[in-house]
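Structure, as structure tokens:
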Amino acid sequence: MNIENEKEIIQIGIIGFGDMGRLYANKFNEAGWKNINVCDLPEKYESLREQFKDTGINVLRDGHQVSRISDIIFYSVEAKNIDAVVKEYGPSTKFNAVVGGQTSIKEFEILAFEKYLPKDVDILCCHSMHGPTVMTKGQPLVIIRQRCSDEHFALVNRLLDCLQSQKVMLSYLEHDQITADTQAVTHLAFISMGTAWKRQGKFPWESPNYAGGIENVKVLMTLRIYNNKWHVYAGLAMMNPSAMRQVHQFSKSVNELFKLMIQEKREEFIKRIKTAGEQVFSERNHQHRHILLEDDLLDKFSLSIIPKEQRKPNSHLSLLAMVDCWHTLNINPYDHMICETPIINNRLLLGIAEYLFRNEDFLDEAIEAALTDINIRADDLEYCLSATIWENIIHNKDIEHYKQQFEEVSNFFKHRLDEASRASSSLISKISANIRKI
Ligand SMILES: NC(=O)C1=CN([C@@H]2O[C@H](COP(=O)(O)OP(=O)(O)OC[C@H]3O[C@@H](n4cnc5c(N)ncnc54)[C@H](OP(=O)(O)O)[C@@H]3O)[C@@H](O)[C@H]2O)C=CC1
Ligand SMILES: O=C(O)C(=O)Cc1ccc(O)cc1
């Protein structure tokens, strides 16, 4: 093929024109790829065609039409639907095309492609490790070369170059293992916070326990998750075969630590926290000490109406349990930074855990609050219940219940979700810029 004019010749297809499908289509369009064919569900065809009529993006009625003409195809549908969608449209794939998917769990996607795509078709999958409102530049982009010629591999790479993301080559099993260790359990920590606040009818920005510093990160990240689509998190937690172990352990860590707190088993509690902290933030990880969240920076992104001086200590049960969970399962969160996402693990959750555990005074203050301040026990009890509720829903793969719980909490916060999402995006870019400077 002549690389010179490939942007005019190559037909690109996107099946599933939701948030991520649109992000990719717009990026390819801006980069000058001329033939971008997209579809969503057939019932949305007329309105999408109208909406995109002057954009250069070619809206088609369904996945058969996209598949018949496209040389490179991305499936960008809900993970829970991937098998059914590939089953329906896969057999229509153009001869000698290359097909990939954007779903967050790769085992199901790859198995569906292997099952339903014609044998002449190559499989090269991707996963942008960020949500649709984050700048693609510099973010990790996992590439999974399942079966793919050198020529197709090079072509898809040239196309994806316009995202300016950091490519990471993994097998689908490696991908699913890493994202189970990072995304699934991180989301559980934050969605449980939202549920606990909602169960108490309490907005965290009105409470002195959630004002200032790393509390801002907890609030913003929780609301950021609740501003995204429920199916993204449901899929990640329920469909990734490796995720359940972490989900169970996190909930167990929360509950066991809480029991030690209310029984005031001081020595056992402190020993457990300090041992976990020493292992996770030990010498072997000192070279990674680059998250460096600073109070001044975090305070600029507060939703709180409480002045910082009126801040009250917090047990940080969620963070203590997170580190206890990593320690118990022998997970080194720093090893997984190749798949870092803005919320996940690395930047923010690992960032705030690091902030807490690497500042002895701060950690001691949290431990003291956990063991002695009875005013925060109601919050911590609600956190335990919430983590247990989510663990059960995920364990039972109860997708309807997941949706209902998620939407109830999301509705509770709905008047601040957009604002929180904007604030968290600025915070993420500020922290990314800080990290790049180091
Ligand atoms: N959002 C995120 O932060 C990220 C998401 N991902 C993954 O990317 C994928 C897409 O996510 P996202 O764009 O956020 O989700 P969206 O819900 O915004 O987009 C998925 C779209 O696919 C449509 N769809 C469903 N079935 C079909 C079909 N048979 N034919 C055509 N279109 C169909 C959906 O329609 P309808 O809504 O009517 O069902 C929806 O419009 C998911 O697998 C997700 O896990 C990956 C990285 C980040
Ligand atoms: O931005 C983040 O950290 C998210 O958690 C968003 C996200 C959701 C699903 C993915 O498969 C990847 C990223």
Side-chain angles (χ1 to χ4, degrees), residues 1-77 82 85-86 88-103 109 112-113 116-118 120-128 132 135-137 141 143-165 167:
M1 186 210 315
N2 184 354
I3 294 178
E4 304 277 288
N5 60 356
E6 66 184 356
K7 287 188 175 175
E8 276 78 42
I9 294 170
I10 293 294
Q11 298 280 336
I12 299 165
I14 297 181
I15 297 176
F17 201 43
D19 293 338
M20 295 304 286
R22 286 172 199 217
L23 174 72
Y24 270 43
N26 287 332
K27 282 280 173 189
F28 299 156
N29 195 19
E30 280 162 26
W33 294 84
K34 297 287 178 226
N35 309 297
I36 303 167
N37 311 302
V38 304
C39 74
D40 203 275
L41 289 173
E43 53 267 34
K44 297 188 208 157
Y45 168 63
E46 307 291 347
S47 71
L48 282 176
R49 204 175 55 151
E50 184 55 28
Q51 202 183 332
F52 285 84
K53 66 174 184 247
D54 299 319
T55 60
I57 293 172
N58 182 23
V59 177
L60 298 175
R61 187 172 293 280
D62 63 24
H64 292 297
Q65 295 192 353
V66 170
S67 298
R68 292 290 295 131
I69 59 170
S70 302
D71 304 295
I72 305 174
I73 300 167
F74 296 92
Y75 281 77
S76 194
V77 298
I82 189 78
V85 179
V86 179
E88 176 160 8
Y89 304 133
S92 301
T93 309
K94 183 175 172 179
F95 175 73
N96 200 25
V98 50
V99 174
Q102 174 69 263
T103 66
E109 180 181 298
F113 288 153
Y116 304 119
L117 292 178
D120 54 86
V121 168
D122 278 355
I123 302 174
L124 181 61
C125 296
C126 63
H127 183 193
S128 282
M135 280 202 329
T136 53
K137 186 170 175 182
L141 166 65
I143 311 256
I144 297 168
R145 186 174 182 169
Q146 178 66 10
R147 64 175 203 226
C148 186
S149 67
D150 289 346
E151 193 190 344
H152 275 158
F153 184 69
L155 170 65
V156 176
N157 270 285
R158 287 195 297 278
L159 169 64
L160 292 174
D161 278 345
C162 69
L163 303 176
Q164 295 179 279
S165 297
K167 293 183 195 140

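Minimum heavy-atom separation, Gln102 to His127: OE1-CA, 3.4 Å. Of all heavy-atom pairs spanning Lys44 and Asp40, the tightest one is NZ-OD1, 2.7 Å. Here the closest non-hydrogen pair linking Gly21 and Ser76 is N-OG, 3.3 Å. Closest approach of Val38 and Ala25 over heavy atoms only: CG1-CB, 4.3 Å. The two residues Ile15 and Ser67 make their nearest non-hydrogen contact at CD1-OG, 3.7 Å. Counting all heavy atoms, side chain and backbone alike, Leu124 lies closest to His152 at CD2-O, 4.4 Å.
With a 4.5 Å cut-off on side-chain heavy atoms, Phe153 and Val98 do not count as touching. Considering only heavy atoms from C-beta on, Ile10 comes within 4.5 Å of Ile72 through its side chain. Side-chain contact between Ile82 and Val86 is present, with at least one heavy-atom pair separated by less than 4.5 Å. A heavy-atom distance below 4.5 Å is found between the side chains of Asp122 and Ser149. Within the 4.5 Å cutoff, the side chain of Ile57 has no heavy atoms near those of the Arg22 side chain. Proximity of Cys126 to Leu141: side-chain heavy atoms (C-beta onward) are separated by under 4.5 Å at one or more points. Between Asn37 and Ile14, every side-chain heavy-atom pair lies at or beyond the 4.5 Å cut-off. Proximity of Arg68 to Lys94: side-chain heavy atoms (C-beta onward) are nowhere separated by under 4.5 Å.
Side-chain atoms of Ser70 and Gln11 include no donor-acceptor pair closer than 3.5 Å. Between the side chains of Thr93 and Tyr116, no donor N or O sits under 3.5 Å from an acceptor N or O. In this structure, a donor-acceptor pair under 3.5 Å is absent between the side chains of Asn96 and Asp120.
In this structure, Leu163 CG and Glu30 CD are separated by 10.5 Å, a value rounded to the nearest 0.5 Å. Rounding to the nearest 0.5 angstrom, the gap separating the CG atom in Leu160 from the NZ atom in Lys27 is 12.5 Å. Atom CG in Asn157 sits 5.0 Å away from atom CD1 in Ile143 (nearest 0.5 Å). Taken to the nearest 0.5 Å, the NZ atom of Lys34 stands 6.0 Å off from the CD atom of Glu8. Atom-to-atom distance recorded for Ile36:CD1 and Leu159:CG is 8.5 Å, nearest 0.5 angstrom. Once rounded to the nearest 0.5 Å, the distance linking CD of Glu43 with CZ of Arg61 reads 10.5 Å.
Taking the six-membered ring where the residue is Trp, the centroids of Phe17 and Phe52 are separated by under 6.0 Å. Aromatic rings from Tyr75 and Phe113 are positioned such that their centres are separated by under 6.0 Å. Two rings, from Phe28 and Phe74, have their centers less than 6.0 Å apart.
For Arg145 (side chain) and Cys148 (main-chain N/O), a donor-acceptor pair under 3.5 Å exists by modelled atom type. For the pair Ser165 (side chain) and Thr136 (backbone), a donor-acceptor distance under 3.5 Å is present. For the pair Lys7 (side chain) and Ala31 (backbone), a donor-acceptor distance under 3.5 Å is present. Side-chain N or O atoms of Asp62 include none that pairs as donor or acceptor with a backbone N or O of Cys39 at under 3.5 Å. Judged by distance alone, the side chain of Gln146 and the main-chain N or O of Ile123 form no donor-acceptor pair under 3.5 Å.
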